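See structure below.
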There are 2 protein chains.
Amino acid sequence: MQSYTEENYLKIIYHLSEISNPVLTNAIAERIQTKAASVTDMIKKLSEKELVNYVKYQGVTLTEKGKLTAINIVRKHRLWEVFLVDKLNFKWDEVHDVAEELEHIQSNLLVERLDEFLDFPRVDPHGDPIPDKYGNFAELAFVKLSKLNSGDKGTITGVSEHSSAFLKHLEKLGLTLGKRIEIIEVLEFDGSVELLAEQQKTNISREVAKHILITKN
Amino acid sequence: MQSYTEENYLKIIYHLSEISNPVLTNAIAERIQTKAASVTDMIKKLSEKELVNYVKYQGVTLTEKGKLTAINIVRKHRLWEVFLVDKLNFKWDEVHDVAEELEHIQSNLLVERLDEFLDFPRVDPHGDPIPDKYGNFAELAFVKLSKLNSGDKGTITGVSEHSSAFLKHLEKLGLTLGKRIEIIEVLEFDGSVELLAEQQKTNISREVAKHILITKN
DNA sequence: TTTATTGTTTAGACAAATCTAAAAATTTAT
DNA sequence: ATAAATTTTTAGATTTGTCTAAACAATAAA
Ligand SMILES: [Mn+2]
Ligand SMILES: [Mn+2]
Ligand SMILES: [Mn+2]
Ligand SMILES: [Mn+2]
C-alpha cells in the first residue's frame with residue numbers, strides 16, 4: 001500500500017505525463033506545492049518501489065504498476081465528485097478539495113458499490129472521463145471550443161480548467177455541461193468568441209474558449 | 001486543525017472516559033494498538049493544545065474543546081456508517097474500518113449535506129446515537145438484554161460490541177436491529193438466556209446477552 | 001514496612017516527509 | 001567553446017509519530 005502522500009505524487013505525475021514525458025522535477029514541485037528537493041526525495045522512494053522509472057536530471061515516467069495505481073486514484077476522485085454533485089447537491093466548483101481527500105479512502109468494496117450507486121457514470125462533473133476498475137477509459141471525442149469556426153454547433157461536454165474562479169465564471173455565463181452552443185463569430189484581433197447558448201448571445205475570451213470542451217453535433 | 005492521529009486519540013479518549021475517568025495511559029495504548037510511551041508523548045501534545053487535562057501518573061480527561069472535537073468525529077463516523085449500510089448495502093459488520101477512515105474527512109458542508117441526504121438519522125447501524133452538529137445526543141432508553149427477566153418483551157435497538165465476529169453471530173441468530181424478542185427463561189447456572197425472536201426459539205450466552213441492547217415495550 | 005509488581009514517564013533513536021543551503025549537472029547565451 | 005543561468009540533486013536539519021530500554025511512581029504483597 002502507498003501512503004496518502006505517495007498517492008498524491010503518483011496522481012500528479014500521471015496528469016503531468018499527458019503533457020510532457022518524462023515529467024520534470026520542477027513541474028511536480030509546482031503542482032504539489034513543495035520544493036524541488038522534496039520531490040527528488042520522493043521520486044527516489046517511488047523508484048525504489050518500482051512505481052516510477054527515474055533517470056537523474058532527466059525526470060520520471062510511471063511504470064505500469066505506477067500508472068494503474070494512479071488511474072485508480074483518478075477513478076476514485078472522479079466518482080466521489082459525481083457523488084458530491086449528484087447526491088449531495090454540491091456545485092461543480094465546490095467538489096475538488098473534498099474529493100482530494102476522499103480519493104485516498106482504501107476500500108475496493110466501497111469504490112465498486114459507489115460506482116453502482118451512482119449508476120456507473122462515465123464522466124465526472126467537469127466532463128472528465130471515469131476509468132473502469134481495470135483502468136480503461138472510454139474514449140471521448142472532445143474538441144476545444146477555441147478550435148471551432150463560425151457556424152459550428154455542439155454541446156458543452158467538459159472543461160480543462162478546474163479552478164473555482166473559472167467554473168463560477170462559466171456558471172454565470174450559463175455555459176455548463178450539456179448546454180448546446182453555436183458559434184456566431186471568432187473575432188480576428190483577440191481571438192475572442194461570440195456564441196449563442198440557449199438563445200443568449202455571449203462573448204468569451206480566447207483564454208476561456210480554450211478550456212471549454214465541445215462535442216460537435 | 002488536528003491531525004488524523006490526534007483525532008483518533010481524542011475519539012478513543014472520549015469513548016474510554018464513559019467507562020473510567022480520568023482515562024489511563026495503558027487503556028489508551030491498548031485501544032489504539034500502540035505502546036504506552038507513545039501515548040504519553042501524544043497526551044502531552046494534546047495537553048499543549050488544551051484538548052485534554054493531563055496529570056502525570058493520573059491520566060487524562062477531555063477539556064470542553066477536546067470533547068466537542070471528539071463528538072464531532074463520532075458524529076461523522078456514525079453518519080458514514082449509515083451511508084454505507086443504507087445507501088451502499090454494506091452489512092453492519094463491514095462498515096467499521098471504512099468509517100474509521102471516512103470520519104477524518106474535513107468538510108462541514110459535506111457532513112451537513114450527508115446528514116440531510118440520509119434524512120437525519122438518529123442512530124447508526126449498531127444502534128449507537130448520532131449527535132447533532134452542536135454535539136447533543138438524543139437520550140435513548142436502552143437496557144442490556146442480560147438485565148431482563150422471563151416474560152419481558154422488547155425490541156433490539158443496539159449492540160455494545162462491534163466486532164465483526166459478534167455481529168455476524170447475531171446475524172446468524174436472526175438477532176438484528178428492530179427485531180422483537182421475548183424472554184422465555186434466564187438459566188440459573190450459567191446466566192444464558194432462552195428467548196423467542198420471530199417465532200424462533202434461541203439460546204444465547206450471558207456474554208452475548210450483555211452486548212445486546214433492548215428497548216422494553 | 002520493606003520488597004515486588006505493575007503502571008507510567010523519560011531518554012534516546014528511527015522512519016517519513018519536509019525544508020534550506022550548497023554542490024553538481026544541464027541548458028542557454030555569448 | 002567558454003561563461004552564465006537554470007535545473008536538479010545532495011547534505012544536513014526539522015517535525016510528527018513511533019519505538020525500546022531504562023528510570024521513576026504508585027500499588028500490592030510479604
Ligand atoms: Mn489527494
Ligand atoms: Mn473533476
Ligand atoms: Mn479513525
Ligand atoms: Mn457504529
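Note on naming: letters A, B, ... go to the chains in the order of the sequence lines (proteins, then strands), and numbering restarts at 1 for each one. What you see is a predicted model, and the numbers here were worked out from it, not measured in a lab.
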What is the separation between atom [atom1] on [X] and atom [atom2] on [N], rounded to the nearest whole Å?
X	N	atom1	atom2	result
M42(B)	dC19(D)	CE	C1'	14 Å
E30(B)	dT6(C)	CD	P	15 Å
E48(A)	dA16(C)	CD	P	11 Å
L46(A)	dA16(C)	CG	P	12 Å
D41(A)	dA21(C)	CG	C1'	14 Å
N8(B)	dT16(D)	CG	C1'	15 Å
I43(B)	dT10(C)	CD1	P	11 Å
Y57(B)	dT6(C)	OH	P	17 Å

Pair K11(A) + E100(A): basic N to acidic O under 4.0 Å = yes

Residues E103(A), R78(A): salt bridge by 4.0 Å N-O rule | no

Charged tip of K87(A) within 45° of F117(A) ring normal and under 6.0 Å | yes

Given [N], is OP1 or OP2 found less than 4.0 Å from the side-chain N or O atoms of [X]?
X	N	answer
N26(A)	dT8(D)	yes
T5(B)	dT16(D)	no
K56(A)	dT7(D)	no
T25(B)	dT9(C)	yes
Y9(B)	dT18(D)	yes

Looking for any heavy atom pair under 4.0 Å, which part of the strands does Y4(B) touch: base, sugar-phosphate only, or nothing?
-> nothing

Check whether any side-chain N or O of E6(A) sits under 3.5 Å from a backbone N or O of S3(A) as a donor-acceptor pair, and report yes or no.
-> yes

Under the 3.5 angstrom rule, does the side chain of E112(B) hit a backbone N or O of L109(B) as a donor-acceptor pair?
-> no

Answer yes if the side chains of E81(B) and H126(B) hold a donor-acceptor pair under 3.5 Å, and no otherwise.
-> yes

Please determine, for the side chain of Y54(B), which listed nucleotide (dT9(C), dC19(D), dT7(D)) has the closest atom?
-> dT9(C)

In a table with atom names and distances, give each donor-acceptor pair under 3.5 Å that connects a side chain of residues 21-31 of chain B to protein atoms at least two apart or in another chain.
none

The answer to which of E6(A) and K44(B) contacts DNA chain C further toward the 5' end, by nearest nucleotide, is K44(B)

Residues within residues 31-40 of chain A bordering DNA chain C, heavy-atom distance below 4.0 Å = T34(A), K35(A), A37(A), S38(A)

